[in-house]
Amino acid sequence: MASFIKPENALKRAEELINVGQKQDALQALHDLITSKKYRAWQKPLERIMFKYVELCVDMRKGRFAKDGLIQYRIVCQQVNVTSLEEVIKHFMHLSTEKAEQARSQAQALEEALDVDDLEADKRPEDLMLSYVSGEKGKDRSDRELVTPWFKFLWETYRTVLEILRNNSKLEALYAMTAHRAFQFCKTYKRTTEFRRLCEIIRNHLANLNKYRDQRDRPDISTPETLQLYLDTRFEQLKVATELELWQEAFRSVEDIHGLMCMVKKTPKPSLMVVYYVKLTEIFWISKSNLYHACAWLKLFSLQKSFNKNLSQKDLQLIASSVLLAALAVSPYDSKHGASHLELEHEKERNLRMANLIGFNLDSKLESRDVLSRSNLLSELVSKGVLSCATQEVKDLYHLLEHEFFPLDLATKLQPLLNKISKLGGKLSSASSVPEVQLSQYVPALEKLATLRLLQQVSKVYQTMKIESLSQMIPFFDFSAVEKISVDAVKQNFIAMKVDHSRNIVLFGTLGIESDGLRDHLAVLAESLNKARAMIYPPVRKVSKTGEILPDLADIVDKEHKRLLARKSIIEKRKEEQERQLLEMEREEESRRLKLLKITEEAEQKRLAAEYEQRKNQRLRREMEERELEEAQALLQEAEKRVGKKKGSRKPVLDSEKMTKQTLMQLALTEQLRERQEMEKKLQKLAKTMDYLERAKREEAATLIEAAFQQRLLEERMIHERDQQLEVELSKQRHEGDLKEKNRLARMLESKKIFQERVINLRQEEFSRRRVEREEQIRQIIHARKAEREAKRKKIFYVRREEERIRILREEEEARKREEAERRKREEAERKAKLDEIAEKQRQRERELEEKERRRKEMLFGGGAPADAPSRPYVSPVSQPLESGAAAAPAAAAAPAPAKYVPRFRRTESSSPNAPPPESDRWGSSRSDNRPSQPDSWRSDERRSAFGSSRSSWSSSRGPNRGSSDR
């Protein structure tokens, strides 16, 4: 990982790598810089780096790198400059969208290229095999490979941005904009799978927001701006879901909107509520929930009438007619007749849930069928004036179906009304928020309702009726459809009838004996008798004697209660501990499972890659074989077509399963060879016939051609003579005319010369003037260029002089530094040498002092030592090395002490005349110290002072230069 002092250096390095084609290294360098902890404070260069970073990520389709970088950049600029993060994200989405659009524009077959069910799923083996078998062309495959990866990356971009912005209160508008763009992406390219995932992602974001609402920087849904953004997002989700016909997802979107409204306890704008109820009507109509569909239309009518003051009377009539027809289309009987208690409870909960979505207030204590029903809805429509606003055809239809009794001609009266109603509807005006109203969609439900009403009214009048008569009375359906409708109505206890196909009649009955009131009459009677007996003979209550038997029962109960509470707490703790252990085990199991899954996925990916390569090679081989086989078959079929046209025989059927490639090729070559031989024979025969014919024609035409040639020569000679005579006459006439013209123009010759001279002079003056100006201009240009070259030369000379001067100064500075370093090294070496010399002298002095002390002790405590030994003269040991001093010590001890001082060289000469001269010290001096003898007290003082000085010098020499002195 390369470290940069400044962020700009990383950007320059990345641009250099990009210029040489190493985009991956450039991306890695920028990624290391962004994720580094060194640059956690926001700077302006970081924004430029992020722009370049996202550009590289988009070019290379590195979604994971882009996500990591944006998360780190969010941490950097969250509290400082969140606008920078917004600009980077917008740039990122713009680049991704632009790349996807470019890829889409390059593809010629977009529908085939985008035929992928899931953008996040890899290619399945069965899809690959199907593509090979179906013979997908190369262009389609290239389109798929070109367009699909960019759409995958664009989808990943939207997911990444939503994940980054989901908990940022300062970028709520950008989050909403990204969600809207993702919805439009799914809508434009029909991405149903991605749309479901997108809805689930946004739903999870809202759930987490409510769960952890106390954290910092979380959006507050209670504020009007945030609530409006979230509502706009959900309404856009609802619109796209209905346009994609994902009705289940649309219903979940409606629930999300209702949940938001309940969460903040605020009602959105009326325009949004109109959209809400319009989509509800579509959802309920598709789900065949006609009752809820009518309730939603009623709420929509109330909103339009209350808040839309610009609504025209025609639009209001259409909306009211839709409300009334939707209510009439509800089935007149309860579909849950005879259901179990559990089903009724579920139906009650469902009705409460739907009523909350629509906005109806239901009493949960009452039966849902008694509150939310068709009859109550029609009564409410009448009370709210919806009937009075509807068109006259719809009013007449309502009265016929609900209040009139025409068992024989009900269908004939309804038929023209239904025909008129089917033609009503269309787009509403711009003042209405409802886009379109189509009344024809209610016609099938109204025909079914009319059939039920007719059967109900006929059952009250007739007991039997022929099937032919009943079929004539109901022109909407044939009798099989009427029979199905009647079976369902009998099942739900709406009518009582039977169809006897053997006698071709319909039998009608009554519902009295099968009513709910008489079905359980014995059970109701038994319950009533039990209640009456309990009221007449109430049970006798026995007096409890527990208090008398157990006087301390209260204390015992209290203690037992406390013991149970303690036991309950222990059990709870054990349960918590067990749950914790289970959670730990689950986490470990999950981690193991994830590792195993990862290993399995890697192995599966390798296997799929190997299989893909194998299938690719097989496919290429098979395509080549198929192409050769097709060529052979085409050749053979062409040959057979030619033979069939010639001989009139039928074309033989090619059995491609039994005939191999070699067989087809052999057949094709044989057929071509045979055709070539036949064609050569035909050509030879034709050439011989044409040769004979041409020879005969030429023999007959030879005489005729010669006669025609002679006649042509005669005619051309006559034409030539006539043309020559005519040309002579015309030349004479032109000559005479030219002479006359010359005589006429001879008078203007002088004027012509004068005019010519004047024109020539003017042009000569103009030419001279322009030449002078041109020369002056050229001279100025030359002078300017010379001045420019001179200035450039001076500038180059000055720059070179300055560079030379700087180079000389740099060299002098480097030489001075080298000399200074060498001088310091020499001084350091000299200082070390001096210190070594002082240390050596000091050590030698110490050795001599020790030797002198040892000789003195020998002289004092020896057997032949004289009494006046302290008066022996002092000899300095500095002038001799250690070896000479050690050698001379026994001689000095053995020799008697003289009465006066004898120099050393004299003693050496007297003792050993052939001894060598004294050795010189390390500095080349061979001096000897001939000082006079001193008393013992002086020598001891001298030794002490020398020993102290030697210790101080030794300690000083062992300080900074200990290593050199030790050496």
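Predicted, not measured: the structure shown is a model, and the values here were computed from it. All heavy atoms count here, side chains included; hydrogens, waters and symmetry mates do not.
Around the CD atom of Q578, the shell of radius 6.0 Å holds no more than 12 heavy atoms that belong to other residues, nucleotides or ligands. Within 6.0 Å of the CZ atom in R574, the count of heavy atoms belonging to other residues, nucleotides or ligands does not exceed 12.
Between L95 and E98 the shortest side-chain heavy-atom distance falls below 4.5 Å. Contact annotation: the side chain of Q618 approaches that of Q614 to within less than 4.5 Å [non-hydrogen atoms, C-beta and beyond]. The side-chain heavy atoms of M50 and E87, taken from C-beta on, include no pair separated by under 4.5 Å. Between V58 and F153 there is a side-chain heavy-atom pair separated by less than 4.5 Å. Residues L272 and D232 meet the side-chain proximity criterion, which asks for heavy atoms closer than 4.5 Å. You'll find the side chain of Y230 reaches within 4.5 Å of the side chain of L209, heavy atoms only. Looking at heavy atoms from C-beta onward, Q237 lies in side-chain contact with D256 at the 4.5 angstrom threshold.
For the salt bridge (charged side-chain N to carboxylate O under 4.0 Å, His left out) test, no residue two or more places apart in sequence or in another chain qualifies with R196. With sequence neighbours excluded, no residue forms a ring pair (Phe, Tyr, Trp, His ring centres under 6.0 Å) with Y277. Shown here are the ring pair (Phe, Tyr, Trp, His ring centres under 6.0 Å) partners of Y276, two or more places apart in sequence or in another chain: there are none. Residues satisfying the side chain to side chain contact (heavy atoms under 4.5 Å, CB included) test with R181, not counting sequence neighbours, are M93, T97, Y158, M177. Checked against ring pair (Phe, Tyr, Trp, His ring centres under 6.0 Å), H180 has no partners two or more places apart in sequence or in another chain. Every side chain to side chain contact (heavy atoms under 4.5 Å, CB included) that F307 has, sequence neighbours left out, goes to P270, L303. Not counting sequence neighbours, the partners of A326 by the side chain to side chain contact (heavy atoms under 4.5 Å, CB included) test are H293, A294, W297, Y442. Scored by the ring pair (Phe, Tyr, Trp, His ring centres under 6.0 Å) test, F235 finds no partners at all (sequence neighbours excluded). In this structure, the side chain to side chain contact (heavy atoms under 4.5 Å, CB included) partners of R587, at least two apart in sequence or on a different chain, are L583, E584.
Here L596 contributes atom CG and K598 contributes atom NZ; the two are 12.5 Å apart, rounded to the nearest 0.5 Å. Atom CG of N167 and atom CG of N208 lie 7.5 Å apart (nearest 0.5 Å). With rounding to the nearest 0.5 Å, the separation of OG in S96 from NZ in K99 is 10.0 Å. To the nearest 0.5 Å, atom NE2 of residue H258 and atom CZ of residue R234 are 15.0 Å apart. Between atom CD1 of residue I89 and atom CG of residue L165 there is a gap of 4.0 Å, rounded to the nearest 0.5 Å. Between K170 atom NZ and L85 atom CG the span is 11.0 Å, to the nearest 0.5 Å.
Side-chain contact, Y292 with T281: no donor N or O sits under 3.5 Å from an acceptor N or O. Using modelled atom types and a 3.5 Å distance limit, the side chains of T223 and T226 yield a donor-acceptor pair.
By the 6.0 Å and 45° rule, R191 does not stack over the aromatic ring of W155.
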Could you pull out every donor-acceptor pair under 3.5 Å between side chains of residues 17-31 and any protein atom, sequence neighbours left out?
| residue | atom | partner | partner atom | Å |
| --- | --- | --- | --- | --- |
| N19 | ND2 | E15 | O | 3.0 |
| Q28 | NE2 | D32 | OD1 | 3.1 |

Stepwise side chain to side chain contact (heavy atoms under 4.5 Å, CB included) test for E86 and K90
CA-CA 6 Å; E86 182 178 0; K90 286 182 179 179; 3.3 Å; yes
Stepwise, does the salt bridge (Lys or Arg N to Asp or Glu O under 4.0 Å) test hold for R607 with E611?
CA-CA 6 Å; R607 185 185 65 79; E611 289 181 357; 2.2 Å; yes
Apply salt bridge (Lys or Arg N to Asp or Glu O under 4.0 Å) to the pair R592 and E589, showing each step before the final yes or no.
CA-CA 5 Å; R592 287 196 299 269; E589 184 67 25; 2.5 Å; yes
Do E200 and R197 pass the salt bridge (Lys or Arg N to Asp or Glu O under 4.0 Å) test, and can you show the C-alpha distance, the side-chain angles, and the key distance before you say yes or no?
CA-CA 5 Å; E200 193 64 30; R197 287 187 182 144; over 6 Å; no
Run the salt bridge (Lys or Arg N to Asp or Glu O under 4.0 Å) check on E55 and K52 step by step: do they pass?
CA-CA 5 Å; E55 288 175 4; K52 180 61 70 176; 3.8 Å; yes
Could you walk me through whether W150 and L154 satisfy the side chain to side chain contact (heavy atoms under 4.5 Å, CB included) test, starting with their C-alpha distance in whole Å, then the side-chain angles of each, then the deciding distance to 0.1 Å, before giving a yes or no?
CA-CA 6 Å; W150 281 113; L154 180 59; over 6 Å; no
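Side chain of T242 to main chain of L238: a donor-acceptor pair is present (N/O by atom type, distance under 3.5 Å, no hydrogens or angles). The closest donor-acceptor contact from the side chain of T188 to the backbone of F185 lies at 3.5 Å or more, if one exists at all. Of the possible polar contacts, none joining the N168 side chain to the I164 backbone as a donor-acceptor pair under 3.5 Å is found.
Annotation for R203 and S253: closest pair NH2-N, 4.4 Å, computed over non-hydrogen atoms. Minimum interatomic distance between T157 and F92 (heavy atoms only, all atoms of both residues): CG2-CE2, 3.5 Å.
In summary, R619 and E623 engage in a salt bridge, as defined by a charged side-chain N under 4.0 Å from a carboxylate O. Between E16 and R13 there is a salt bridge, since a side-chain N of the basic residue sits under 4.0 Å from a carboxylate O of the acidic one.
Applying the salt bridge (charged side-chain N to carboxylate O under 4.0 Å, His left out) test to every pair with at least one member in residues 274-286, sequence neighbours left out, gives no pairs at all. Annotation: salt bridge (charged side-chain N to carboxylate O under 4.0 Å, His left out) contacts involving residues 238-248, sequence neighbours excluded, comprise K187-E243.
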